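Have a look at the structure below, then the notes.
Throughout, a chain's letter reflects where its sequence line sits, starting with A, and its residues are numbered from 1. Reckoned from all heavy atoms, side chains included, excluding hydrogens, waters and symmetry mates. None of these values were measured; they are calculated from a predicted model.
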Number of protein chains: 2
Amino acid sequence: MDNQEIRKAGLKVTLPRVKILELLEASVPRHVSAEDVYKMLLEKGEEIGLATVYRVLTQFEAAGLVTRHNFEEGHAVFELDRGEHHDHIVCVLCGKVEEFMDATIEERQKEIAAEHGFEMEDHSLIIYGRCNKPSCPGRE
Amino acid sequence: MDNQEIRKAGLKVTLPRVKILELLEASVPRHVSAEDVYKMLLEKGEEIGLATVYRVLTQFEAAGLVTRHNFEEGHAVFELDRGEHHDHIVCVLCGKVEEFMDATIEERQKEIAAEHGFEMEDHSLIIYGRCNKPSCPGRE
DNA sequence: CTCGTAATGCAAAAGATTCCCATCTCTCTT
DNA sequence: AAGAGAGATGGGAATCTTTTGCATTACGAG
């Protein structure tokens with residue numbers, strides 16, 4: 001039950017928070033903006049303010065329930081954190097996002113941070129490219 | 001001479017463009033926001049509009065003269081492109097940015113993109129951590 | 001069930017970036 | 001060197017994303 005996750009995060013179990021978490025769990029695509037969440041809620045008949053969506057997403061991020069990404073679209077996108085770290089490949093043509101995880105790269109990053117006298121806290125690796133899906137508008 | 005670079009990019013050699021390019025070449029730190037550039041120009045007595053700074057930086061980016069990064073500060077930062085690709089380590093406490101380049105990671109990225117059916121076009125790797133400089137406010 | 005605190009919604013604010021358009025300036029041509 | 005035309009600039013308005021202030025409402029401990 002979602003309620004436990006919210007409670008564990010030290011937050012009151014309110015309707016907006018439950019609905020937003022439910023939505024993120026059911027959401028395809030997995031990477032959505034605050035605006036997306038807001039609109040999806042409206043479509044489901046939930047009258048939740050945009051400001052609340054932003055606040056809740058930020059709180060969920062602080063609690064480790066969701067991860068925020070800054071792709072190159074001018075707005076942040078959020079995805080439910082399923083406990084397993086991964087990085088992203090984004091298609092510059094159709095916006096499709098795929099996930100991957102590579103032990104070699106993860107390892108090297110830690111080493112590099114250490115070599116530079118940094119204690120690694122987080123990292124963001126995004127590969128931009130053209131996917132070759134038949135549905136991608138960039139195919140000629 | 002800067003003028004050639006601007007001309008090569010197919011842009012008219014105008015005062016704002018020359019001044020901005022000069023500033024980027026001389027600038028320390030190397031990673032500056034549009035607002036930073038605007039203010040630095042003002043301090044030098046150059047009355048160049050903020051809109052122009054944005055336009056010129058975007059054109060320079062399109063021309064491959066500068067690179068735009070989306071760190072986690074809510075605004076883009078730009079740096080002069082010196083022809084050699086590199087990635088970044090950003091201190092989450094003091095904002096300090098260091099650069100690095102790792103052949104192993106570069107290599108793996110290409111492979112991963114290919115494995116996922118993508119043609120890699122670009123990528124962005126940012127490590128966030130705490131630097132251990134004596135000047136960093138995060139030291140306790 | 002009642003109360004106090006924390007959460008919400010709305011509207012206004014703030015920050016970043018883009019757009020509009022009248023004016024100015026390169027650059028190419030004579 | 002002067003003129004014309006395309007392109008560039010500046011400044012403010014507009015847009016977009018995200019945050020904030022505040023009055024109202026909803027959890028949840030007792």
Side-chain angles (χ1 to χ4, degrees), chain A residues 1-23 31-42 44-63 65-78 95, chain B residues 1-23 31-42 44-63 65-78 95:
Chain A
M1 185 101 288
D2 297 343
N3 299 11
Q4 292 318 308
E5 308 218 51
I6 296 174
R7 217 181 294 276
K8 252 186 288 176
L11 300 168
K12 282 213 285 203
V13 179
T14 63
L15 191 140
R17 302 215 254 240
V18 172
K19 291 300 175 188
I20 291 173
L21 189 46
E22 278 178 12
L23 189 147
H31 301 81
V32 291
S33 67
E35 191 78 32
D36 291 338
V37 171
Y38 175 65
K39 287 194 186 135
M40 290 163 101
L41 288 169
L42 275 189
K44 292 183 146 210
E46 302 292 344
E47 295 282 337
I48 294 173
L50 182 55
T52 299
V53 172
Y54 273 104
R55 270 185 300 237
V56 170
L57 287 174
T58 301
Q59 292 158 345
F60 282 2
E61 183 193 16
L65 290 177
V66 308
T67 305
R68 178 195 306 252
H69 302 290
N70 297 293
F71 294 165
E72 303 193 337
E73 313 136 310
H75 59 251
V77 296
F78 300 81
Chain B
M1 184 102 289
D2 297 343
N3 300 11
Q4 291 320 306
E5 309 219 50
I6 296 174
R7 216 180 295 275
K8 251 185 290 176
L11 301 168
K12 283 213 287 203
V13 179
T14 62
L15 191 140
R17 302 215 254 242
V18 172
K19 290 301 176 189
I20 291 173
L21 189 46
E22 278 179 13
L23 188 147
H31 301 80
V32 292
S33 67
E35 191 78 32
D36 292 337
V37 171
Y38 174 65
K39 287 194 186 134
M40 290 162 102
L41 287 168
L42 276 189
K44 293 183 146 210
E46 302 292 344
E47 297 281 337
I48 294 173
L50 183 54
T52 299
V53 173
Y54 274 103
R55 266 185 306 238
V56 170
L57 288 174
T58 301
Q59 292 158 345
F60 282 3
E61 184 194 13
L65 291 177
V66 308
T67 305
R68 178 196 305 254
H69 302 289
N70 297 293
F71 293 165
E72 303 193 337
E73 313 137 310
H75 59 251
V77 296
F78 300 81

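Between the side chains of B:Arg55 and B:Thr52, at least one donor-acceptor pair of N or O atoms lies under 3.5 Å.
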- Note on the structure: Per-nt protein contacts along nucleotides 11-19 of chain D (heavy atom under 4.0 Å; B base, S backbone sugar-phosphate only, - none) come out as BB----SBB
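Remark: P of C:dC26 and CD1 of B:Ile6 are 12 Å apart, rounded to the nearest angstrom. The separation between A:Leu42 atom CG and C:dG9 atom C1' is 13 Å, rounded to whole Å. Summarising the geometry, the separation between CD on A:Gln59 and P on D:dT20 is reported as 12 Å, rounded to the nearest angstrom. The interatomic distance linking B:Asn70 (CG) with C:dA16 (P) rounds to 14 Å, in whole Å. C:dG9 atom P lies 13 Å from atom NZ of A:Lys19, rounded to whole Å. As rounded to whole Å, 10 Å separates atom P of C:dG9 from atom CD of A:Glu46.
Atom CG of residue A:Leu57 and atom CG of residue A:Leu21 lie 10.5 Å apart, to the nearest 0.5 angstrom. In this structure, CG on B:Leu41 lies 4.5 Å from CD1 on B:Ile48, to the nearest 0.5 angstrom. Residue A:Leu65 holds its CG atom at 11.5 Å from CD1 of A:Ile20, rounded to the nearest 0.5 Å.
Here B:Thr14 pairs with nothing under the side chain to side chain donor-acceptor pair (under 3.5 Å) rule; sequence neighbours left out. The side-chain contact (heavy atoms from CB on, under 4.5 Å) test applied to B:Tyr54 returns B:Ala34, B:Leu50, not counting sequence neighbours.
Residues A:Gln59 and A:Arg17 have side chains in contact (heavy-atom distance under 4.5 Å, counting atoms from C-beta outward). Looking at B:Lys44 and B:Met40, their side chains never come closer than 4.5 Å, going by heavy atoms from C-beta outward. In this structure the side chain of A:Phe78 never reaches within 4.5 angstrom of the side chain of A:Asp36, judged on heavy atoms. Taking 4.5 Å as the limit, some side-chain heavy atom of B:His69 sits within range of a side-chain heavy atom of B:His31.
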What N/O pairs connect the protein and nucleotides 23-27 of chain D at under 3.5 Å? Give each pair on its own line.
from, atom 1, to, atom 2, distance (Å)
D:dC27, O2, A:Lys12, NZ, 3.2

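Counting only residues at least two apart or in different chains, salt bridge (charged side-chain N to carboxylate O under 4.0 Å, His left out) contacts with residues 65-78 of chain A comprise A:Glu61-A:Arg68.
In the helix from C:dC1-D:dG30 to C:dT30-D:dA1, the rotation axis of the first five pairs and that of the last five pairs differ in direction by 30°, rounded to 10 degrees.
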